[in-house]
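Structure, as structure tokens:
Just so we're on the same page: letters track the sequence lines, and every chain starts at 1.
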Protein chains: 2
Amino acid sequence: MENCTIARAMEILGERWTLVVLREVFNGVRRFDDMRVRTGIPRQVLTNRLAMLVEQGVLRREPYREPGSRLRHEYRLTGKGLDLWPVLVAVLGWGDRYLADPEGSPLAVTHRDCGAEVRAALRCAEGHEVTDPRDVLPRPGPGARRRV
Amino acid sequence: MENCTIARAMEILGERWTLVVLREVFNGVRRFDDMRVRTGIPRQVLTNRLAMLVEQGVLRREPYREPGSRLRHEYRLTGKGLDLWPVLVAVLGWGDRYLADPEGSPLAVTHRDCGAEVRAALRCAEGHEVTDPRDVLPRPGPGARRRV
DNA sequence: AGGCTAGGTCTGATTGACAGACTCAGCAAC
DNA sequence: GTTGCTGAGTCTGTCAATCAGACCTAGCCT
């Protein structure tokens, strides 16, 4: 199972703080210190995570300069990073359902056009909505290798 | 941001092997040694992950006995665990898109009824499909605490 | 010149991952 | 009835990662 894409994805996403960092970036927080203060991630870890995410092409480091301030860098999502929205929304949905405080989730995601709440849903290529997880069948894909 | 549900979820899901274990369970692999051989996870780590997942209520440990064999235990998904399908499918989709070998993904998920491929999609409560990640607006939710 | 600020580095203690060897219960074959 | 096998672990030692806290640095402001 060395070519398992879930394992590979988790090597990037599974580093305990990675998704928290990404949530901040999706939220519009792009600066090192803002992230640090808002999340409480240790500096060193944040430095490492950001560097890793840049190296993986999920974020890119962009110079910017505010008037009266020196040149700095901010972190922005690449296309690869933007495509993580469904992952983030799915995790958020699950967390909200099972791990939220009684008063509810601290974060909501809404549709720009209509303002309604956005959730992650499963649907098949034929357009059917999949509601029961038991209706999903895992099967070997094209890149599957036969185990002995 | 101590009540952030993403951080809480990642405390469970973010342990580098957790989703790989869950993928196996979703795949129908329920036994310790099968998982170990298929994934290459070190015994100790697998023991810890399984215990943690049971403690968190994602898996439950069920006794079973095969004829001519002694009593053993297998690991099965709880409702809380089954609800992780969207997360897993979202991660799988992302991994397939950006991290797969040229020959493709080793795992496909299909709809039981029609056999078509299942993917994670974003949609809002009004029923709109959300295709562009930029159409999603993050906002403070009911449980948000004002930062000073 | 001195202080402030964003974005880091350096250091040392604690925790986690990992490999490899060992354990242990029950069945089975000799 | 002892030997061996198998599934599901535990024990041990090494090496890497996390974390907290102090330190550093470039450029701006006073």
note = DNA chain C nearest-nucleotide lookup for A:Arg43 and B:Val45: closer to the 5′ end is A:Arg43
Among B:Arg38, B:Arg36, B:Arg31, the one residue meeting salt bridge (Lys or Arg N to Asp or Glu O under 4.0 Å) with B:Glu24 = B:Arg38
task = Calculate the interatomic distance between A:Glu11 atom CD and C:dA17 atom C1'; express it in whole Å.
result = 13 Å
message = Is there a side chain to side chain contact (heavy atoms under 4.5 Å, CB included) between A:Arg43 and A:Phe32? Walk through the geometry before answering.
response = CA-CA 9 Å; A:Arg43 289 159 172 288; A:Phe32 188 91; 4.2 Å; yes
message = Using whole Å, what does the distance between atom P of nucleotide C:dG7 and atom CE of A:Met35 come to?
response = 9 Å
Residue B:Gln44, side-chain heavy atoms: nucleotide from D:dT18, D:dT10, C:dT11 that is nearest = D:dT10
ask   = Nearest of C:dG8, D:dG9, D:dC11 to any side-chain atom of A:Phe32?
value = C:dG8
inquiry  = By the 4.0 Å heavy-atom rule, please label A:Arg31 as base, sugar-phosphate, or nothing.
reply    = sugar-phosphate
remark   = To the nearest angstrom, the CG-P distance between A:Leu46 and C:dA6 comes to 14 Å
inquiry  = Tell me the closest heavy-atom pair linking B:Leu92 and B:Ser105, and the distance in Å.
reply    = CD1-OG, 4.3 Å
request  = Work out which heavy atom in A:Ala9 is nearest to a heavy atom in B:Val91; give both atom names and the distance.
outcome  = CB-CG1, 3.6 Å
ask   = The side chain of B:Tyr64 lies closest to which of these nucleotides: D:dA8, D:dC11, D:dT18?
value = D:dA8
request  = Please determine if a side-chain N or O atom of B:Trp17 lies less than 4.0 Å away from the OP1 or OP2 oxygen of C:dC18.
outcome  = yes
query = Picking from A:Arg61, A:Arg60, A:Arg30, what satisfies side-chain hydrogen bond (donor to acceptor under 3.5 Å, both in side chains) with A:Tyr75?
reply = A:Arg61
key: Whole-Å gap separating P (D:dC11) and CG (B:Asn48)   = 12 Å
query = CZ of A:Arg30 versus P of C:dA6: gap in Å, rounded?
reply = 17 Å
note = Between A:Arg72 and A:Glu15, the residue closer to the 5' end of DNA chain D by nearest nucleotide is A:Glu15
task = Identify which nucleotide among C:dG8, D:dC11, D:dG9 has an atom closest to any side-chain atom of B:Arg61, counting heavy atoms from C-beta outward.
result = D:dG9
inquiry  = What is the separation between atom CZ on B:Arg36 and atom P on C:dA19, rounded to the nearest whole Å?
reply    = 11 Å
note = Separation of C:dG8 atom C1' from A:Glu74 atom CD, nearest Å, is 17 Å
note = Atom CG of A:Asp33 and atom P of C:dT9 are separated, to the nearest Å, by 14 Å
